[in-house]
2 protein chains.
Amino acid sequence: MDETRPRTNRHAGLEPDEVLDRALTLVEVEGADALTMRRLASELGVATTSIYWHVGNREQLVTAMVRRHGLRLAEAPIVGDTPRQRVLAVARLIWEGALADREVTRLASAHGLSSLHAQRLELAMARELQEAGVVGESARDALRAITACVGGFIIAALLDDALPTDHRRSSVLAHLEDPGLDPATHSALATNSHLPSLFDTTLRTVVDSLVPADLSANAYL
Amino acid sequence: MDETRPRTNRHAGLEPDEVLDRALTLVEVEGADALTMRRLASELGVATTSIYWHVGNREQLVTAMVRRHGLRLAEAPIVGDTPRQRVLAVARLIWEGALADREVTRLASAHGLSSLHAQRLELAMARELQEAGVVGESARDALRAITACVGGFIIAALLDDALPTDHRRSSVLAHLEDPGLDPATHSALATNSHLPSLFDTTLRTVVDSLVPADLSANAYL
DNA sequence: ACCTGAACACCGTTCAAGT
DNA sequence: ACCTGAACACCGTTCAAGT
């Protein structure tokens, strides 16, 4: 009986969390561009201007959405036997989490909030780096380098599925006239790399170059 | 006498290239957000709708701008003694070119045109990879991995100067409560990495893992 | 062929006004 | 304290009309 309260004048029951959740599902379902103050308001059955009272303007809304989504991402468990493996595992969590809800990631990226989006997972990575003996400025730089590469692969993946199949990113290059380019290379450029495995090998290389191999594993035996 | 033609009715002398150049300098000087059909038109001393006749709608305008700017970037010479060094040199050219005109890069990124922006330099990298003996799918994957990392560093650099000094990206992490985080790491997170040198070491690692060391240099002696 | 102004359908945001 | 409608200042885009 009370599952549908009138949602009219005088306390429509608009809690900020409800606004954020509806906004997030709206973005995930209909894309980042669908997020409009008017559209979100109609989704909530409320006047457009009510949103301003509860969550502020559009920038504040998006910031709160990204922070909230980032908290969910950090709930995943970090698996791995050595600190080095767990650093790589956190990198994979950022990558997989970003691609699982691409539209939210796209929204965060468009507003320069990618670092806020991955904030908690980056903190987790900092802890794993510490476990591996990487602290201070080395930890800061390692974190920065790893997350930069992860972010680059994420936007590469987002670009791939944004374009229609006939002129994907790869073929942008393939359509160029080639002065002496190997035909095998030229035809390969018309196809897409398998990004997940490319991500894995590349980030393992980067992580391995920044994080020392696990010594304590033997030290305790 | 004829240096300032009336620029009125009946052929105002609007050539597409002029439109693109004005649009590019507008973006570089006043930022990507300043690029508006109305604003650009007033900059050209022309009605807003004239732009549509010459360069099409906004998306076509931006695409042409990015392509044009990308051509300029590819004019820089590629220096280096070995193919491996030249691959890294091209990566540096993409990085430096993107940061030299950050607002254009931001515009390209916002419209998913980063790959178009770096198109010619990526083709140059493909040639250097071929010189190093990397062809076919290996070349495609190497190109993809390298440009992904380069792109990640670029957006990281763009984020850094977008934020005011008091809450830069780094301190986003530093402001978190730290459950057992090393104090040296915590305070280091409040400072910024030196991105150019971090870019250099990281990309050298990635390139070295994908491009075999130069053998022909000795082979010819 | 080229350029214009008016008009349309959107935005985000403010604010006085209601209860 | 919470919610509303009207209004403002912007957008991109279309199109009939001019020369």
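To find a chain, count down the sequence lines: A is the first, B the second, and so on, and within it residues start at 1. Just so you know, these numbers come straight off a predicted model, no measurement behind them. Computation of the quantities below employed the complete heavy-atom set of this structure, encompassing side-chain atoms and omitting hydrogens, waters and symmetry-equivalent molecules.
- With respect to Glu43(A) and Arg22(A), no salt bridge is recorded, no charged nitrogen being found less than 4.0 Å from a carboxylate O.
- Under the Watson-Crick or G-U wobble criterion, with both distances below 3.5 Å, dA9(C) is left unpaired in every strand shown.
- Atom-to-atom, NE2 of His111(B) to C1' of dG12(D) comes out at 11 Å; the value is rounded to the nearest Å.
- Under the Watson-Crick or G-U wobble criterion, with both distances below 3.5 Å, dT19(D) is paired with dA1(C).
- If you take CZ of Arg38(A) and P of dT4(D), they are 14 Å apart, rounded to a whole angstrom.
- Distance check, rounded to the nearest 0.5 Å: CG of Leu143(B) to CD of Glu128(B) gives 12.0 Å.
- Without hydrogens or angle criteria, Glu103(B) side chain to Ala32(B) main chain gives a donor-acceptor distance under 3.5 Å.
- Near DNA chain D, meaning a heavy atom under 4.0 Å away, the residues from residues 53-68 of chain A are Trp53(A), His54(A).
- Between the CD1 atom of Ile51(A) and the C1' atom of dC2(D) there is a distance of 14 Å, rounded to whole Å.
- With salt bridges taken as basic N to acidic carboxylate O contacts below 4.0 Å, none links Arg72(B) and Glu75(B).
- When distances run from any side-chain atom of Tyr52(A) to the nucleotides dG12(D), dT4(D), dT14(C), the shortest one goes to dT14(C).
- At whole-Å resolution of the value, CD in Glu15(A) and P in dA1(D) are 18 Å apart.
- Summarising the geometry, atom CG belonging to Leu195(A) is positioned 10.0 Å from atom CG belonging to Leu159(A); distances are rounded to the nearest 0.5 Å.
- For the pair Ser50(B) and dT4(C), the criterion of a side-chain N or O lying under 4.0 Å from OP1 or OP2 is met.
- Each of Thr48(A) and Thr36(B) has a nearest nucleotide on DNA chain D; the 5'-most of these lies closest to Thr48(A).
- Of the listed residues (Met65(A), His69(A), Glu28(A)), just one forms a side chain to side chain contact (heavy atoms under 4.5 Å, CB included) with Leu107(A), and that residue is Met65(A).
- Looking only at distances, no side-chain donor or acceptor of Glu122(B) sits under 3.5 Å from a matching main-chain atom of Gln119(B).
- Proximity note for Thr49(B) (side chain, C-beta onward) versus dT13(D), dG5(C), dA7(D): the nearest is dG5(C).
- To the nearest angstrom, C1' of dT4(D) lies 15 Å from CE of Met37(A).
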